[in-house]
Protein chains: 2
Amino acid sequence: MDAVAARAGVHRATVYRRWGDVGGLLADVLDAAGEDDWRPPDTGSLRGDLAALNHEIQTALTARPPVVAALIAASFRSEKADRAQQRLWEDRYARCEIIVSRAIRRGELAPRTDARRLLIASTAPVYHQLVLLRLPPDPRLPDHAAGTAALAASVGAFAEPPSAGDT
Amino acid sequence: MDAVAARAGVHRATVYRRWGDVGGLLADVLDAAGEDDWRPPDTGSLRGDLAALNHEIQTALTARPPVVAALIAASFRSEKADRAQQRLWEDRYARCEIIVSRAIRRGELAPRTDARRLLIASTAPVYHQLVLLRLPPDPRLPDHAAGTAALAASVGAFAEPPSAGDT
């Protein structure tokens, strides 16, 4: 809060008046991050898109200063930051579903593919390694996790059963 | 710290004298958890072992009171708890490698399979969904994430290249 006040050239009381506490400030930071026009990479292949996305995630999680990592850590301490972090993730994964619909259009995947499960399978190992296990970044992991998910998808691992209305 | 003191029937100052702070207390809790004789499930198949492991993880992460979830959250606040959590995870993943060596012995997997990567691919979606995304538990996710990892493994996704010494 002090750093924010100093950077803005205002008294710290002004910062506390505006946001109440650190959680409120971080929630606004996270909500602002969701208002950008970020789009997932479009490389021309499922595997390429997933790998480029994983590289973006690994870069963000290992950046200095560790803004993204600090926001995730803060979301364990503040209810407001927690909800904002969840909104941001939901927004990002929703935007990424186009990776799967493009792959379906290209004929790389079956039309009934569970996009969210596929995206989680591809990205989760990168988060797990860096945020929870807190291991040093493995430069091959983004490509490897993406390749594994794309390979599993190509053999039907994320195929949804036909819905009841289908004949 | 107060609850621990009350439960132990001692003054809270005694608890602080013994552990210094909450992080020190949690680090000892985590280290004690690593001293059990836990072994990964042995169901007779790779897919079965991974699924049973994922069910154990999902059960632990959604238990009431949320002891495991609270320890993970605390590891973001305390350096000591963080290091203890890392030791515990390293210990658990190391013990789980037998799942992969049994599958190799049964002929389910190629001899050169990267056990750790396979285990992370299988377990990461469960942690990601519950600890980071904080979505409600999906009862099908443990089986699905395990099945996806086993399927990817069966088509060579975790095969290691022959080492330089091989001919």
Side-chain angles (χ1 to χ4, degrees), chain A residues 47 57 61 68-79 81-83 85-90 92-93 114 116-136 138 140-141 143-161, chain B residues 47 57 61 68-79 81-83 85-90 92-93 114 116-136 138 140-141 143-161:
Chain A
R47 190 189 183 116
I57 292 169
L61 290 174
V68 174
L71 287 170
I72 293 173
S75 75
F76 284 91
R77 280 202 295 271
S78 149
E79 188 89 4
D82 182 10
R83 281 193 304 268
Q85 178 70 62
Q86 285 182 48
R87 282 194 297 274
L88 181 58
W89 256 318
E90 172 54 36
R92 288 306 197 235
Y93 277 106
D114 188 328
R116 197 58 68 96
R117 262 178 212 244
L118 167 47
L119 292 167
I120 299 234
S122 176
T123 58
V126 180
Y127 284 107
H128 195 55
Q129 179 106 352
L130 296 172
V131 181
L132 292 186
L133 306 185
R134 268 160 249 162
L135 295 169
D138 172 352
R140 297 166 313 163
L141 181 61
D143 286 337
H144 192 271
T148 300
L151 185 61
S154 72
V155 291
F158 306 99
E160 287 176 330
Chain B
R47 189 188 186 118
I57 292 169
L61 290 173
V68 174
L71 288 169
I72 293 174
S75 75
F76 283 92
R77 280 203 295 272
S78 150
E79 189 89 5
D82 182 11
R83 282 194 302 269
Q85 178 70 64
Q86 284 181 51
R87 282 194 297 272
L88 181 58
W89 257 318
E90 172 54 34
R92 288 306 196 232
Y93 277 107
D114 187 328
R116 197 58 69 99
R117 261 178 213 244
L118 167 48
L119 292 167
I120 298 232
S122 177
T123 57
V126 180
Y127 284 108
H128 195 54
Q129 179 105 352
L130 295 172
V131 181
L132 292 187
L133 306 185
R134 269 159 250 164
L135 294 170
D138 172 351
R140 298 166 313 163
L141 183 60
D143 286 337
H144 192 270
T148 300
L151 185 61
S154 71
V155 291
F158 306 99
E160 287 175 331

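Worth saying up front: this structure is predicted, and the values here are computed from it rather than measured. Throughout, a chain's letter reflects where its sequence line sits, starting with A, and its residues are numbered from 1.
If you measure heavy-atom distances from A/Ala73 to chain B, the contacts under 4.5 Å come from both the backbone and the side chain. Using a 4.5 Å cut-off between heavy atoms, A/Arg140 contacts chain B through both its backbone and its side chain. When heavy atoms are compared at a cutoff of 4.5 Å, A/Gln129 approaches chain B solely by way of its side chain, counted from C-beta outward. Of the two parts of B/Arg83, neither the backbone nor the side chain holds a non-hydrogen atom closer than 4.5 Å to a non-hydrogen atom of chain A. The contact between A/Leu133 and chain B is made by backbone and side chain atoms together, counting heavy-atom distances below 4.5 Å.
For A/Ser78, the side chain to side chain contact (heavy atoms under 4.5 Å, CB included) partners are A/Lys80, A/Ala81, not counting sequence neighbours. Qualifying side chain to side chain contact (heavy atoms under 4.5 Å, CB included) partners for A/Arg47, counting only residues two or more places apart in sequence or in other chains: A/Ser45, A/Ala150. Applying the side chain to side chain contact (heavy atoms under 4.5 Å, CB included) criterion to A/Ala74, with sequence neighbours excluded, gives A/Leu26, A/Arg77.
Among A/Leu151, A/Val155, A/Val131, A/Leu132, the residue making the largest number of heavy-atom pairs under 4.5 Å with chain B is A/Leu132. Between chain B and the residues A/Leu141, A/Asp82, A/Ile72, the largest count of heavy-atom pairs under 4.5 Å involves A/Asp82. The candidate with the highest count of non-hydrogen atom pairs below 4.5 Å against chain B, out of A/Ala152, A/Gly147, A/Ala149, A/Ser75, is A/Ser75.
Using a 4.0 Å cut-off between a side-chain N of Lys or Arg and a carboxylate O of Asp or Glu, B/Arg117 and A/Asp138 qualify as a salt bridge.
Within residues 120-127 of chain B, the residues having any heavy atom closer than 4.5 Å to a heavy atom of chain A are B/Ile120, B/Ala121, B/Thr123, B/Ala124, B/Pro125, B/Tyr127, listed by residue number.
Using cut-offs of 30° and 60° for the angle between ring planes, the B/Phe76 and A/Phe76 rings count as parallel.
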